[in-house]
Amino acid sequence: MNRMAVLFLLYFLILMEVLLFTSSFLGFTGDLFSVLLSGGQEPTNPPTISSPTSYIPHNITPATHTNKTKLFFFKTHKCGTSSLVTILYLYGIRRDLNFVLTPYEHQFSNDLPPQPLPPGQQEHHILCQHHKNGQGWGYFRPGVVNRILPREETFYFTILRDPEDHFASNFRYFHYGDRIQKEHPTADFKFNTILRLFFNKVRGIKRIICDRVLNPLSYDLGFTRFLKNKSFRESKSEEEQIDIFIRYLESEFDLIMIMEQYDLSLIHLMHELNWEVEDIVYMKKSPSFLREFRRELMQRVMPHKVLPENGQESEAIDLTPNLLTLIRHYNRVDIRVYQHFLGKLKEKSHPSVNPSLLHASLQEFHEKQAALSEQCSRDEEAEGSVLQRIRRLRRFNTDKDDENAECEMWHLTDIIISKALAAKQDPLFSRPYLQKIRGKASTMNFMDYEPLTWTIKLFEKIRLKYLKNS
């Protein structure tokens, strides 16, 4: 009997290994054991199958993007995306397109169905929010997106940031320094000292670390899904793993932009999508307002200044050569990925590739950029708090000044815009309904009925102006 029990246990363990390998090959993101232990019945929240990540074929070719009418922008964290997302919001609002939204959230949930389409509408057109898994940071799961925005119909793109700057931005924004200070209360709190203490904690770890602060771009884009596969980890060298990941990104995205080449990236986006220059002109979101918004949103002052959007200057950080070496070593996946796609962008921008067209586009873009800044010149109130912005929005909607309607979009945050879009697309939207769902979505303190209504009216003014000028 004991021998039979041992054989049964051995058989069971072998079966588990086979099932785990299979689930990893298929991209299972749910809990496989919950199915097995429940007698083969699926749990309440069934696991999701995404695209395979175990073995990426060696004959991958870049995706084609001819005549694609839908847009998917994967919003990487801390990569200066506020202005770019507003560009996409404006593009969709002008044309009355449908956005993929998680109801009244400012992030797209990989685990929940999107907000239903308005009555009479048949399809979604644009997804451009951060992703989340459950209540945590979500990475790119192509299977989830493909079900809503089919790959063959949708232009997929994202943006990368120089990993050295990105590391410093994420380290401060996600309060890693606070954790180190709590563990070492006698430290001098200088940034270099805090970084040395941080790297002392990870020193000696030879494997690739992929999280919010080390290789965060690769984490966002799904490299951890590769690393979770035992066969992939053990059969491939680190260089091969990164090469396969880069080819995977080339196959999934039609364009990968570079934050440090922001305007040039936008020109390439315009040409790939056959847009007009007016579609990509932007204003830089005010860093002071974004900080004020977070302060009001979180009900506390952020202890660390976040590196601002779109390449604006920030306080200098004088890192020692040793710390720079450590940053580069522990972010080696992001550095390889960044250098590869920076090189591709430079190749596409070489004078031998349509030099006159590229130069003319940039010149026209900068001229219209200057005109937008002149038209939407910020007054003292426009730099004020969230409540001042809302009062300004209310007053704007009582006026008949439709010419400057789009200027107001550059004075609003992504959170306010996304919640107003959810209200616009929700046939149940009303004051009683809003009171009923209050507390079920995050950041509800900026979901009062009047500001959302005023913002929806602003959207309509923008749409009517576009129709008038078309």
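The NZ atom of Lys344 sits 12.0 Å away from atom OG of Ser349, with the distance rounded to the nearest 0.5 Å. Taken from CE in Met270 to CD1 in Ile87, the straight-line distance is 11.5 Å, to the nearest 0.5 Å. Atoms CZ and CD1, on Arg247 and Ile242 in that order, are 12.5 Å from each other to the nearest 0.5 Å. Taking CG of Asn98 as the reference point, atom CD of Gln122 lies at 10.0 Å (rounded to 0.5 Å). Atom OG1 in Thr81 sits 11.0 Å away from atom CD in Gln129 (nearest 0.5 Å). Here the NZ atom belonging to Lys346 is positioned 6.5 Å from the CD atom belonging to Gln261, to the nearest 0.5 angstrom.
Annotation: side chain to side chain donor-acceptor pair (under 3.5 Å) contacts of Ser361 (sequence neighbours excluded): His271. In this view, Arg431 and Gln435, Tyr449, Glu450 satisfy the side-chain contact (heavy atoms from CB on, under 4.5 Å) rule, not counting sequence neighbours.
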Candidate pair Lys75 and Asp220, rule side chain to side chain contact (heavy atoms under 4.5 Å, CB included), full reasoning: CA-CA 9 Å; Lys75 193 173 188 279; Asp220 264 345; over 6 Å; no
Chi angles and distances behind the side chain to side chain contact (heavy atoms under 4.5 Å, CB included) call for Asp414, His106: CA-CA 7 Å; Asp414 302 347; His106 62 283; over 6 Å; no
Verdict with supporting geometry, Glu347 and Leu345, side chain to side chain contact (heavy atoms under 4.5 Å, CB included): CA-CA 5 Å; Glu347 286 177 9; Leu345 185 70; over 6 Å; no
Residue pair Phe73, Ile126: steps toward the side chain to side chain contact (heavy atoms under 4.5 Å, CB included) verdict: CA-CA 8 Å; Phe73 172 60; Ile126 301 176; over 6 Å; no
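Side-chain contact between Glu105 and Ser418 is absent, with no heavy-atom pair separated by less than 4.5 Å. Side-chain contact check for Ile159 versus Ile256: every heavy-atom pair is 4.5 Å or farther apart. Residues Pro216 and His77 are not in side-chain contact: their nearest non-hydrogen atoms beyond the backbone lie 4.5 Å or more apart. The closest side-chain heavy-atom distance from Gln425 to Ile456 is not below 4.5 Å. The closest side-chain heavy-atom distance from His125 to Leu71 is not below 4.5 Å. Here the side chains of Phe223 and Gln241 are in contact, with some heavy-atom distance below 4.5 Å. The closest side-chain heavy-atom distance from Asp254 to Lys68 is below 4.5 Å. When side chains are defined from C-beta on, Leu221 counts as touching Leu160, because their heavy atoms get closer than 4.5 Å.
The two atoms that bring Val337 and Ser218 nearest to each other are CG2-OG, 4.2 Å, heavy atoms only. Of all heavy-atom pairs between Ile267 and Phe365, the closest is CD1-CB, 3.9 Å. Residue Val100 comes nearest to Leu127 through the heavy atom pair O-CD1, 3.6 Å, listed as atom of the first residue, atom of the second, then distance. The minimum heavy-atom distance between Tyr338 and Pro163, with the atom names listed, is CG-CD, 3.6 Å. Contact detail for Ala422 and Gln115: the closest heavy-atom pair is O-NE2, 3.0 Å. What you find for Arg161 and Lys78 is that their closest heavy atoms are NH1-O, 2.7 Å.
In this structure, Thr76 contributes its side chain and Cys79 its backbone to no donor-acceptor pair below 3.5 Å. Not one N or O on the side chain of Lys70 forms a donor-acceptor pair closer than 3.5 Å with the backbone of Glu153. Listed for the Ser265 side chain is a donor-acceptor partner under 3.5 Å among the backbone atoms of Ile258. Judged purely by atom type and a 3.5 angstrom limit, Asn215 uses its side chain to pair as donor or acceptor with the backbone of Asp334. Not a single donor-acceptor pair under 3.5 Å links the side chain of Asp279 to the backbone N or O of Trp275. Side-chain atoms of His340 do not come within 3.5 Å of backbone N or O of Arg336 as any donor-acceptor pair. Using a distance-only test at 3.5 Å, with no hydrogens or angles considered, no donor-acceptor pair links the side chain of Arg212 to the main chain of Asn170. Here the side chain of Arg141 pairs no donor or acceptor atom with the backbone of Asn133 at under 3.5 angstrom. Looking at Arg151, its side chain does come within 3.5 Å of a backbone N or O of Thr154 through a donor-acceptor pair. Proximity of a side-chain donor or acceptor of Glu260 to a complementary backbone N or O of Asp162 within less than 3.5 Å is detected.
Between Glu460 and Lys424 no salt bridge is recorded (no basic side-chain N to carboxylate O distance below 4.0 Å).
Looking at Asp263 and Tyr282, their side chains do bring a donor and an acceptor atom within 3.5 Å of each other. No hydrogens or angles considered: nothing links the side chains of Lys132 and Ser109 as a donor-acceptor pair under 3.5 Å.
Between Phe174 and Trp137, the ring center distance clears the sub-6.0 Å criterion. Aromatic ring centres of Phe99 and His124: separated by at least 6.0 Å.
Remark: of the listed residues Phe155, Phe157, Tyr156, Tyr156 is the sole one forming a ring-ring contact (aromatic ring centres under 6.0 Å, His included) with Phe72. Checked options Gln363, Glu276, Glu278; the residue passing with Lys368 is Glu278 (criterion: side-chain hydrogen bond (donor to acceptor under 3.5 Å, both in side chains)). Paired with Phe226 under the rule ring-ring contact (aromatic ring centres under 6.0 Å, His included), one option of Phe140, Phe245, Tyr219, Tyr139 passes, and it is Phe245.
A cation-pi arrangement is absent between Arg463 and Phe459 under the rule of less than 6.0 angstrom and at most 45 degrees off the ring axis.
Residue His359 qualifies as open at atom NE2: its count of foreign heavy atoms under 6.0 Å is 12 or below.
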